[in-house]
Asks: 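This is the structure I want to talk about, given as structure tokens.
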Amino acid sequence: MFQPVPPRPDLVPMEHETLEFWRERGTFAALRAQNERGPKWSFLDGPITANNPMGVHHAWGRTYKDLYQRFHAMLGEAQRWQNGFDCQGLWVEVNVERDLGFTSKRDIEAYGIAQFVSLCKQRVLTYAARQTEQSIRLGYWMDWNDPDELRRLRDLLAADAAQVATVDGPRGPVTDTVEMIVGRLGMPELGGSYFTFSNENNDLIWGFLAECHRRGWIYKGHDTMPWCARCGTGISQHEMTEGYQDRDDPGLTVRFPLVDRPGESLLIWTTTPWTLTSNVAAAVGADLRYVRVRVGDDSFWLAKGTLKSALEGRHEVLEERPGSDLVGWRYEGPFDDLPAVVEAFAKGTRVHPEAPYEHRVVAWTEVGEEEGTGIVHVAPGCGAEDYALGTSLGLPIIAPLDESGIFLDGFGSLSGRDVRDVTDPIVEHLRHAGRFQRLETIRHRYPHCWRCGTALVFRLVDEWYISMGEVYDQPREALTREQVDRSLRYQIMEVVDSIRWIPGFGYERELDWLLNMHDWMISKKRYWGLALPIYECATCGTFDVLGGQEELRERAVSGWDRLAGHTPHRPYVDEVVIACQTCGRETRRIPDVGNPWLDAGIVPFSTLHYREEPEYWAQWFPADFVTESFPGQFRNWFYAMLAMSTVLRREAPFKTIFGYATLFAEDGRAMHKSWGNAIEFDEAAERMGVDVMRWLYMSSRPDDNILFGWHAADDARRRLLILWNVYAFFVTYARLTGWTPGPEDPPVEERSPMDRWILSRAAGLAAAAQDRLGDYDAVAATRLIDTFIDDLSTWYLRLSRKRFSRGSGADQAGAFATLHAAIVALARVTAPVLPFLTEEIYRNLIVETDPTAPHSVHLTSYPTAELSPLRDEALEAAMATARRAVDLARTLRGTANLKVRQPLARLWLALPGGDLHELEALVALIAEELNVRHVELIGDESSLVERRVKVLLPKVGRRLGSAIPAVMAAARDGAVDIRADGTVVIAGVVLGADEVEILAMPRPGTVVAHDEGLLVVLDTELTPDLRAEGDARELQRAIQDLRKDAGLELDDRILLHVEGLARAVAGHLGGVADETLAELVSSSPVGGRRATVELEAGPATITLARRPPGPRVS
RNA sequence: GGGGGAGUAGCUCAGUUGGUUAGAGCAGCCGUCUUAUACACGGCCGGUCCCUGGUUCGAGCCCAGGCUCCCCUACCA
């Protein structure tokens, strides 16, 4: 017997019960064991940053991951089920700093790097545990660590990293120091999620970098880079885009007096006043026109095209020259007296090192007239482009800032001041010196640190890069083999070609990035992260890149003992000293840590133990599938994986990549706590339930953004409730009837067309859903499921209800068996999308009555093959026609104001093509549903119908061309000649039988409904007999209403008295009593509930009361 | 600045190789059905398919130009 089902499900507590059930029964472990020997399907998880609780946007992506893994598990495929955590880098550092109240790198160094790094690890373990719990709540099946165990390791690490601990692994207990156990997380002996801070992950990146170095691609660059003064590190190109924000800056116009033209000045414009301290030149466009203007007593030079925007008030143009005339003019700089400037200029230029340099005008192709004055202030130490220009001209370079953004010595009163606070003193200085012209406020997009939000400055620094290779000025297909072999970027592009990108534009976008990207800056002047294995000799300047811990141990000349027992992180790894291979002197590691995308990019190798277990690696590489949110990943995770796999293997690390867009709040804006539109994952899970969330996500188009919120969740829930209601209906009546599945159920081929139809639909659903899910198309799959739920509820069940409540024998058993099978099939098809709801249904419908069945829906196979014999497409097509006929007739009833309760004598029906598969049964079904006594089929010859010709335009359009309007008009008018052989002549054109359809159309003046050759006519005449029967139905409905008012149970019997009933209606009373489980009392009202019904034959009064159990009263 | 995507009902979105009358859900209005006991179902209302031109017998769809929004990307002071 099935367990009773609440009519209104409380989804959230049910989900918790299911989680508990899976835990108790070890369902996930059973699934893994069951598929262990199956064909492999390799999913590679993109690591989630273990730095905060996961958000609802993570749940979107994680639902895809879970859906496809569950789906492939139902296909019997073996999987690795390994989640990943991204652990190293500035993300974590910034939060640890915040917790400690630190504001700069000096605070960290004072605190101690070892302790700081330990806190970073602890933070990762804290949030890995938290995200693990949240993922489990989502229903995400992975080989999860025990969150409590992760927290225990964190606490042990905090107490004493060197203490020895033992943890349980899949192959038995593992004993090691706490620090090393943490460093071995995710390894085979420990199992669970991979952590990018693991020893193996770091070691394989060393191997990758050494390989790059072997090919000569690693170099140290000296350049002016975007720099975050708070974090004290350069920001790479990969990180820049995320940090552009609108910002108000000073727009400062300054005069540079010309040395050789007294009384005249250049006007320059800048939004970064602090860079004026380091000005060395003023650039003009050689081909632009420049003018000298008089404003009051002053005389200025500026570009002609900027006159309107750059000058306020009246001016007079005195002179005009091309920019090339200005080149070479000397001018007085804004801060000529500063010692740093004097010192830098004293060395002269590269061309003339003997003479001190003086400020001068130079030509630059980049100068335009869109902004400012058309004369650009050039400070090579403060801007990347300025640096390139300065270097090419051999100009002096002044670098004013230290790594915290503090002015260095040599800048007078500015020295020691923070770059963010110097605008006012600089403006003040310029006013005093008579150089100030104008100050306004400019709102523009300016780069900010993507982690801490601080506005970036530009700073001259040394950073380490991987060369991405030359960009050739020719199309890819024209490149020679040698050119490709020389340039890494083109090699990556070839790998990109071999990958399936969903959606397709991802392919072009990745290629675009690869073509335009600069060399990969891999260094960060920070503390927590990959220790870059670059050893630069202070003596001879050469450097070496080590390929792993093993090589480090071999080459160590001192300090190895201080690293032993520690993970390869700062500060301990820095203790190891090696000998320079060139000069033999002691050489140390550069202090920089690595770009965190190295950490995530290596996972196709590290998590598959590329070096340690090559056979294992070969079984799972490349991954069949990866998925991640698009924004950012083309230049981050996708890129890093592609680059690293290309270097190491020159092949793709994954076969298919699926990207999805961005999640916003319901108001269309990004979610922000301070805006009050954010929804936390935990809140969403406990209020809407995760199945609702999962349905919402999986039914949304991945390439569009999702607007996530409570209203969207309500819509999703409504769909799921329909499914629930069908299930609840089934269980209610199965329990009342005592039906359970068994061998006595009639075979499918003996069941009604309705039964065979819904089973065919279920078979079709399974096949189509499997096809779509196999193609990573969850939207299409959920649409198919949704349509099926609709068919099941509004067509199958609505029309079959009586068979469950009032049926008997084989027909009833067939109905129960059919609905049972349909719901179970639906549950199995939907299980990957809605793991909780389907589990609930499956457990009750299958496990309750079949102890031999798998204990979970997730242990069953995808049901396509099992159901395929039930497919009957001809029946499905015929049913669609019948359904349309019912819809048309209902519309007619509505317009004629005839309730379905009122029986009608006749319905005339013309069918497209004149026939229908399983005609008789479907016609009976139509009659029943529409409450008509007879359905009469009519053909072409009927007086109700005339034959119309529908011209099949797609077939004949090309042939007919300009004759179409005439043909169509004639066809509309009915001016057609239908010949015996099926051909048709319209407007003098002969159309073949396959070029037209002959449709039945209503003759004008008849009350009918029609659609595509299907035509329905209702006989609206009501005889006394029909009226009486309608009244009886009305009476019955009133009694049922009254039962409901009285709060009676479905199977309660009643005593019923009816008063004032017309004789014609009274004849139907017996039937009414049967339907309402009533025992008629003729003598007097029975007390209890009372109501009056307005019938066609006049009002009647009913009274009813629950009948006590026992023998008949009268 | 360059590249890509989008613009369809009040809202969220479908719309097939170009085919006659452009659809769904939600919202609104009006009904219907009730032994799935407020669970649902149906109908109506609602459209300058962003604008202008072109190709075509025929354009939401193809082409050109313009407008607006989003994304990616970029060295603009």
Side-chain angles (χ1 to χ4, degrees), chain A residues 7-8 237 240-241 244 251 268-272 275 282-283 364 366-368 370-379 382-389 444 503 505 508-509 512-513 515-517 630-632 634-635 661-662 700-701 703-705 707 711-712 714-715 718-719 721-722 724-733 736 779 783 786 790 793-795 797-798 801-802 804-806 887 890-891 893-895 897 899-901 950-958 960-969 971-972 1036-1037 1040-1041 1043-1045 1047-1052 1075-1077:
Chain A
R8 307 204 59 184
Q237 184 202 9
M240 280 294 287
T241 309
Y244 275 97
I268 66 97
W269 183 77
T270 181
T271 56
T272 49
T275 62
W364 195 16
E366 300 299 320
V367 176
E370 298 78 28
E371 268 183 309
T373 61
I375 306 178
V376 176
H377 138 67
V378 178
C382 305
E385 306 73 48
D386 300 37
Y387 180 80
L389 177 68
H444 61 162
F505 64 76
E508 279 87 23
R509 195 171 280 187
D512 186 59
W513 164 255
L515 190 63
N516 294 301
M517 69 170 298
F630 266 159
F634 291 100
R635 62 177 188 280
T662 307
S700 300
R701 278 164 43 102
D703 39 350
D704 272 352
N705 297 331
L707 304 185
H711 292 102
D714 286 342
D715 288 347
R718 216 165 305 164
R719 305 308 303 171
L721 283 183
I722 297 176
W724 183 267
N725 285 324
V726 174
Y727 161 66
F729 174 93
F730 168 81
V731 171
T732 303
Y733 284 100
L736 279 175
V779 186
R783 273 201 193 130
D786 196 53
D790 192 64
S793 166
T794 68
W795 192 246
L797 187 53
R798 238 177 74 80
R801 276 185 305 197
K802 270 246 160 60
F804 295 93
S805 59
R806 285 280 178 278
D887 282 346
R890 280 213 197 103
T891 307
R893 271 187 174 271
T895 50
N897 206 15
K899 297 174 178 174
V900 176
R901 243 177 276 132
K950 178 187 175 187
V951 180
L952 298 175
L953 265 174
K955 280 194 175 168
V956 301
R958 205 161 289 280
L960 297 191
S962 58
I964 283 181
V967 171
M968 297 307 289
R972 255 194 303 277
Q1036 181 180 324
R1037 190 195 59 82
Q1040 302 290 21
D1041 268 358
R1043 282 184 62 115
K1044 177 175 152 190
D1045 284 349
L1048 298 183
E1049 295 297 325
L1050 292 183
D1051 51 353
D1052 280 337
E1075 288 289 324
T1076 56
L1077 302 180

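Sequence lines set the chain letters: A, B, ... in the order given, protein chains first and strands last, and positions in each chain run from 1.
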Asks: Considering non-hydrogen atoms only, spot the tightest contact between A:M968 and A:V951 and give its length.
Replies: SD-CB, 4.0 Å
Asks: If the condition is side-chain contact (heavy atoms from CB on, under 4.5 Å), which residues does A:I722 pass it with, not counting sequence neighbours?
Replies: A:R719, A:I789, A:S793
Asks: Scan every strand shown for a Watson-Crick or G-U wobble partner of B:U48, both distances under 3.5 Å, and answer none if you come up empty.
Replies: none
Asks: Who does B:U17 pair with, Watson-Crick or G-U, both distances under 3.5 Å?
Replies: none
Asks: Would one find a side-chain N or O of A:Y733 under 4.0 angstrom from OP1 or OP2 of B:A36?
Replies: yes
Asks: Give none if B:U32 has no partner; otherwise give the nucleotide forming a Watson-Crick or G-U wobble pair with it, both distances under 3.5 Å.
Replies: B:A40
Asks: Can you tell me the distance, in whole Å, between the CD atom of A:E508 and the P atom of B:U73?
Replies: 15 Å
Asks: Between B:G60 and B:G23, how far apart are the P atoms? Round to whole Å, please.
Replies: 13 Å
Asks: Encode nucleotides 1-12 of chain B as B, S and - characters from 5' to 3', where the letter depends on protein heavy atoms closer than 4.0 Å: B to the base, S only to sugar-phosphate, - to neither.
Replies: ------------
Asks: Taking only residues two or more places apart in sequence, or in another chain, which ones meet A:V367 in a side-chain contact (heavy atoms from CB on, under 4.5 Å)?
Replies: A:A283, A:L288, A:Y290, A:W364, A:V376
Asks: Can you tell me how far C1' of B:U35 sits from CZ of A:R798, to the nearest Å?
Replies: 15 Å
Asks: Rounded to the nearest 0.5 Å, what separates atom CD1 in A:I268 from atom OG1 in A:T373?
Replies: 6.5 Å
Asks: Paired with B:U56: which nucleotide, if any, by Watson-Crick or G-U wobble criteria at under 3.5 Å for both distances?
Replies: none
Asks: Between the protein and nucleotides 75-77 of chain B, list every N/O to N/O distance that falls short of 3.5 Å.
Replies:
unit_1 : atom_1 : unit_2 : atom_2 : d
B:C75  : O4'    : A:E385 : OE2    : 2.7
B:C76  : N4     : A:E370 : OE1    : 2.3
B:A77  : OP2    : A:E371 : OE1    : 3.3
B:A77  : O3'    : A:T270 : OG1    : 3.2
B:A77  : O2'    : A:W269 : O      : 2.8
B:A77  : N6     : A:G368 : O      : 2.9
B:A77  : N6     : A:E371 : O      : 3.3
B:A77  : N1     : A:G368 : N      : 3.3

Asks: How far, in whole Å, is B:U68 from B:G31 if one measures between their C1' atoms?
Replies: 41 Å
Asks: Can you measure A:W513 atom CH2 to B:U73 atom P for me and round it to whole angstrom units?
Replies: 6 Å
Asks: So which heavy atom on A:T275 is nearest to which on A:H377, and how close?
Replies: OG1-NE2, 2.8 Å
Asks: B:U37 C1' sits how many Å from A:N725 CG, rounded?
Replies: 12 Å
Asks: Partners of A:S805 by side-chain contact (heavy atoms from CB on, under 4.5 Å), sequence neighbours excluded?
Replies: A:Y733
Asks: In whole angstrom, give me the gap between the C1' atoms of B:U16 and B:C11.
Replies: 26 Å
Asks: Could you measure between the two P atoms, the one in B:C30 and the one in B:G46, and give it in whole Å?
Replies: 16 Å
Asks: Identify which nucleotide among B:A40, B:U73, B:U20 has an atom closest to any side-chain atom of A:R635, counting heavy atoms from C-beta outward.
Replies: B:U73
Asks: What is the distance from CZ of A:R718 to P of B:A40, rounded to the nearest Å?
Replies: 8 Å
Asks: Give A:V951 one of three labels, base, sugar-phosphate or nothing, depending on what nucleic acid heavy atoms sit under 4.0 Å from its own.
Replies: base
Asks: Distance check needed: B:U35 P versus A:F804 CZ, whole Å only.
Replies: 16 Å
Asks: If the P atom of B:U55 is compared with that of B:U8, how far apart are they to the nearest Å?
Replies: 27 Å
Asks: Write down the partner of B:G25 under the Watson-Crick or G-U wobble criteria, each distance required to be under 3.5 Å.
Replies: B:C11
Asks: Which is more 5' along RNA chain B, the nucleotide nearest A:R783 or the one nearest A:I722? Just name the residue.
Replies: A:R783
Asks: Nearest whole angstrom, please: distance from the C1' of B:C33 to the NZ of A:K802.
Replies: 12 Å
Asks: Once you apply the 3.5 Å cut-off to both distances, tell me the Watson-Crick or G-U wobble partner of B:G1, or none.
Replies: B:U73
Asks: On a whole-Å scale, what distance lies between the P atoms belonging to B:G19 and B:C76?
Replies: 45 Å
Asks: Strictly distance-based, threshold 3.5 Å: is any side-chain N or O of A:N516 a donor or acceptor partner for the main-chain N or O of A:D512?
Replies: yes
Asks: Rounding to the closest angstrom, what is the interatomic distance between B:A14 and B:A22 at atom C1'?
Replies: 11 Å
Asks: Tabulate atom names and distances for all N/O pairs under 3.5 angstrom spanning the protein and nucleotides 57-62 of chain B.
Replies:
unit_1 : atom_1 : unit_2 : atom_2 : d
B:C57  : N1     : A:G961 : O      : 3.3

Asks: Look up atom CD in A:E366 and atom CG in A:D386, then write down how far apart they are to the nearest 0.5 Å.
Replies: 10.5 Å
Asks: Applying the Watson-Crick and G-U wobble criteria at under 3.5 Å, what pairs with B:U68? Answer none if nothing qualifies.
Replies: B:A6
Asks: For nucleotides B:C39 and B:G28, find the distance between their C1' atoms and express it as a whole number of Å.
Replies: 22 Å
Asks: Rounded to the nearest Å, what distance is computed from the CH2 atom of residue A:W795 to the P atom of nucleotide B:C33?
Replies: 16 Å
Asks: Ring centres under 6.0 Å, that's the criterion: do A:F730 and A:F804 meet it?
Replies: no
Asks: Between B:A40, B:A36, B:C41, spot the one nearest the side chain of A:R801, thanks.
Replies: B:A36
